[in-house]
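The sequence lines fix the lettering, A, B, ..., with proteins before strands; numbering per chain opens at 1.
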Amino acid sequence: MNPPTGPSHFIRDIILEDLKTNKFGGRVHTRFPPEPNGYLHIGHAKSICLNFGLAAEFGGKTNLRFDDTNPEKEETEYVDSIMETVKWLGFDWEDRLFYASDYFGQLYEWALQLIRSGQAYVCDLTADEVRKYRGTLTEPGKESPYRNRSVEENLDLFQRMKAGEFPDGFRTLRAKIDMASPNLNMRDPVMYRILHADHHRTGDTWCIYPMYDFAHGESDSIERITHSICTLEFEDHRPLYDWYVEQLGIYHPQQIEFDRLNLTYTLLSKRKLLTLVQDGHVRGWDDPRMPTLAGIKRRGYTPEAIRNFCGAIGVSKTNGIIELGLLEHYVREDLNKRAARVMAVIRPLRLVIDNYPEGQVEEMEAVNNPEDSSMGTRKVPFSRVLYIEQEDFREDPPKQYYRLSPGREVRLRYGYFVTCTGVVKNEKGEVVEIHCTYDPATKGGNAPPDGRKVKSTIHWVSAPHAVDAEVRLYDNLFTRENPSDTKEGEDFTANLNPNSLEILRGAKLEPSLTGAPVESRYQFERLGYFCVDPDSTPGNLVFNRTLALRDTWAKIEKKEKGGKA
RNA sequence: GGGGAGGUAGCUCAAUUUGGCGGAGCGGCGGACUUUGACUCCGCAGGUUGCUGGUUCGAAGCCAGCCCUCCUCGCCA
């Protein structure tokens, strides 16, 4: 048994209680049941971590089960990506890979059983009529005129439905429950519908398909699931879930509902995500700005960070919205421990050290990760002409800015102390090059014998040794905390952030980054965490900025500007 | 409007089972440290526990009434 992560929650408490009362013979067996009709997103990660995490904690098992009862929406492509994603997140269903479609035969037998016991009937009402007969939230429904057909007639008709004698939607099999129930789900719900569609696994074997409600609990039962964990909107379905397994007299798992994940500045609706992809607002399902796990992975987030996040947010029945910043906190926390530090300049500005010998190159020793000494050190070449970050020089520095400016001295990390002696401007008046002198007594960045101190240390890359790269900076895809909050007549795309992607082509990297493999992660010192994008080619590295470092200076500057306004 | 589920710092959650001084993480603010304005560490602020009444020596918790939010009227899941 693994120790629980974070404080307990109501689902764990239920399991603990069930273990105490021996409700399921001491077993804990959960399942993750995605419908293979889209890509998994961060919201699914919460469910995956919950189901696999809880089982692991109590020495139980978790099944991966594809809920594939609707042949019109489901595809093998999604099955593959879902399996890959669950594995990437770090979970293992071992040999327990199932499909609801594996149970179509058994489900059909059970449907016959309910017909024989008079609890299900074939209904000839059209979809439109069914809706009218259902009643409303406040008015009870009316019973279908086909409700009291004989068992023999129902049996015959249902078998002919299966045999393909009727067109799509011509008849349905319905459970005979209570058309006056205040719970609409209990008003004779449809169990089977006719759909002459090819199924991704069963092909054209079937032309009738079970509805979710008649398939899910039964699949759970077949797999001897103990705790069937799903989201809040299924609370009203639990009476039906219970009704089916009770009437069938089969093993009865317990359905438990929890709140789905919501994140600020993030959309987690499959439909809207699909719109973003189809209308070209992003480059695909794995665009690093997407909340899909494929996108998040490409962005450079780690499975560990996502798992820690999911453990920290807890589980409850409250509908809330988690701040994106909390997810980012866990990403930074994890990357801080494991990402190798390197120096890279993403907006280069030439810096010439006038008193440094022309042609001289020194190999400076740099620490790979101050958080983990086992990662060792490396050599970084230093020379007379360097690149520094444009942001690290101000000709006219505002107060509290203590980086480089005319006459001021800073430390070049692992290099030397340098003092700015002049600038070169182009015809537009922009600074294109700065000149400095260095103090040879500060080699390696060490403080000089006279005890002189500088207020700032900046990063740099030796110009003749620099490796060029493309860097992609990302910002929130939406400008509003709730992307669906729109004015009249607008849809969520009106809240798209026009600056969510910025591509920088002339970045300069220290040479140790040559040949960095796809997906490898680094901290570009003082800038943030970056990872190598699969778009990289041998001659052209492409980096994604996973996340910027926390930036106190940016905060101060923003406050100064905001204060004056 | 029927039914279901919720409401505790800015956000997410504890404390409720057995009534007994309402805490944590994140965020914010301030400081220490620092060859990353990072990390780490320390401190501070922030609550009419949705509201009103009741029971009680004592209520976030128990009782009554009310308010607000979310889910639910697919042959989707």
Side-chain angles (χ1 to χ4, degrees), chain A residues 6-9 13 17 33-35 37 67-70 72-74 100 123 125-128 130-131 134-141 168-174 181-187 189-195 208-209 211-213 215-216 230-239 257 259 264 270 312-330 332-333 336-337 341 343 366-367 370-371 400-403 411-415 417 442 444-447 454-459 523-528 548-556:
Chain A
S8 193
H9 52 72
D13 293 343
E17 181 65 18
E35 180 186 13
N37 71 341
D67 219 332
D68 56 352
T69 56
N70 185 347
E72 294 181 327
K73 298 210 271 181
E74 296 144 7
C123 182
L125 255 26
T126 65
D128 216 43
V130 166
R131 192 180 320 121
R134 186 161 36 231
T136 68
L137 293 176
T138 50
E139 306 150 26
D168 285 2
F170 196 67
R171 292 191 222 266
T172 56
L173 180 71
R174 296 227 259 162
S181 172
N183 181 346
L184 295 266
N185 294 125
M186 301 300 272
R187 317 239 267 227
V190 171
M191 294 169 62
Y192 268 91
R193 73 284 212 190
I194 300 172
L195 242 32
I208 55 172
Y209 291 91
M211 298 289 290
Y212 166 85
D213 287 302
H216 201 91
C230 62
T231 44
L232 251 26
E233 69 271 25
F234 291 102
E235 258 170 337
D236 287 343
H237 292 245
R238 185 168 10 106
E257 312 85 14
D259 60 325
T264 56
K270 276 186 185 175
I313 57 178
V315 187
S316 72
K317 295 172 81 91
T318 317
N319 279 306
I321 305 178
I322 308 250
E323 291 172 345
L324 221 210
L326 187 60
L327 208 209
E328 296 178 337
H329 163 77
Y330 284 98
R332 289 195 183 98
E333 180 187 68
N336 177 51
K337 284 183 294 193
R341 272 60 169 172
M343 290 199 284
V367 174
E371 306 288 326
Q400 292 194 77
Y401 182 92
Y402 45 80
R403 272 111 95 151
R411 169 189 289 115
L412 293 175
R413 176 148 237 225
Y414 303 124
F417 280 24
T442 58
N446 291 313
V454 290
K455 290 185 83 172
S456 185
T457 298
I458 66 175
H459 61 277
Q523 184 197 102
F524 288 1
E525 294 221 25
R526 302 205 310 128
L527 296 177
L549 253 27
R550 279 178 50 135
D551 190 345
T552 307
W553 165 243
K555 212 182 279 182
I556 293 169

Next item on the list: Just name whichever nucleotide pairs with B/G25, Watson-Crick or G-U, keeping both distances under 3.5 Å, else none.
Entry: B/C11
Note to self: When both hydrogen-bonding distances must be under 3.5 Å and the geometry is Watson-Crick or G-U wobble, what is B/C70 paired with, if anything?
What the structure shows: B/G4
Check: Taking the six-membered ring for Trp, does A/Trp553 stack with B/G37 (centroid gap under 5.5 Å, planes within less than 30°)?
Finding: yes
Margin query: Let's test this: given Watson-Crick or G-U wobble pairing with both distances under 3.5 Å, identify the partner of B/G65.
Written below: B/C51
Check: Within this structure, what is the CD1-to-C1' distance between A/Ile194 and B/G74, rounded to whole angstrom?
Finding: 17 Å
Notebook entry, point to check: Distance between the C1' atoms of B/G27 and B/C67, in whole angstroms?
Noted result: 30 Å
Next item on the list: Would you indicate what A/Asp213 reaches in the nucleic acid, counting non-hydrogen atoms under 4.0 angstrom: base, sugar-phosphate, or nothing?
Entry: nothing
Notebook entry, point to check: Can you check the A/Asn185 CG to B/G3 P distance for me, whole Å?
Noted result: 15 Å
Check: When we call it a touch if two heavy atoms are under 4.0 Å apart, what does A/Thr172 touch: a base, just sugar-phosphate, or nothing?
Finding: base
Notebook entry, point to check: Hey, does the side chain of A/Thr552 come within less than 4.0 Å of B/A38's phosphate (OP1/OP2), counting only N and O?
Noted result: yes
Margin query: Any strand counts, and the cut-off is 3.5 Å on both contacts for Watson-Crick or G-U wobble. Which nucleotide pairs with B/A45?
Written below: none
Next item on the list: Answer with base, sugar-phosphate or nothing: what part of the nucleic acid does A/Arg413 contact at a heavy-atom distance below 4.0 Å?
Entry: base
Next item on the list: Rounded to the nearest angstrom, tell me the gap between atom CD1 in A/Ile321 and atom C1' in B/U12.
Entry: 12 Å
Next item on the list: Check the distance between B/C73's C1' and A/Leu137's CG and give it to me in whole angstrom.
Entry: 5 Å
Next item on the list: Could you tell me the separation between the OH atom of A/Tyr330 and the C1' atom of B/C13, rounded to a whole number of Å?
Entry: 11 Å
Check: Using a cut-off of 4.0 Å on non-hydrogen atoms, how would the nucleic acid contact of A/Glu235 be classed: base, sugar-phosphate, or nothing?
Finding: sugar-phosphate
Checklist line | Pair partner, B/C75 [Watson-Crick or wobble, under 3.5 Å] | finding: none
Checklist line | Whole-Å distance separating the CG atom of A/Leu326 from the C1' atom of B/C26 | finding: 5 Å
Next item on the list: Quote, to the nearest angstrom, the C1' distance that separates B/G50 from B/G7.
Entry: 6 Å
Margin query: Taking B/C57 as the reference, what is the distance to B/U52 when you measure between their C1' atoms (whole Å, please)?
Written below: 23 Å
Margin query: For B/A38, does the base pair up with any side-chain atom of A/His459 as donor and acceptor (N or O, under 3.5 Å, distance only)?
Written below: no
Next item on the list: Classify the side chain of A/Asp236 versus the base of B/G3 as yes if they form a donor-acceptor pair under 3.5 Å and no if they do not.
Entry: yes
Note to self: Measure CD1/A/Ile313 against C1'/B/G27 and give the value in whole Å, please.
What the structure shows: 16 Å
Note to self: Suppose we call a contact any N or O donor and acceptor under 3.5 Å apart; does that hold for the side chain of A/Glu323 and the base of B/U12?
What the structure shows: no
Notebook entry, point to check: Between B/G74 and A/Arg134, is there an OP1 or OP2 to side-chain N/O distance shorter than 4.0 Å?
Noted result: yes
Item checked: Any-strand Watson-Crick or G-U partner of B/U34, both distances under 3.5 Å -> none
Item checked: Spacing of A/Gln523 atom CD relative to B/C39 atom P, expressed in whole Å -> 10 Å
Margin query: If I pick the P atom on B/U55 and the same atom on B/C71, what distance separates them, to the nearest angstrom?
Written below: 39 Å
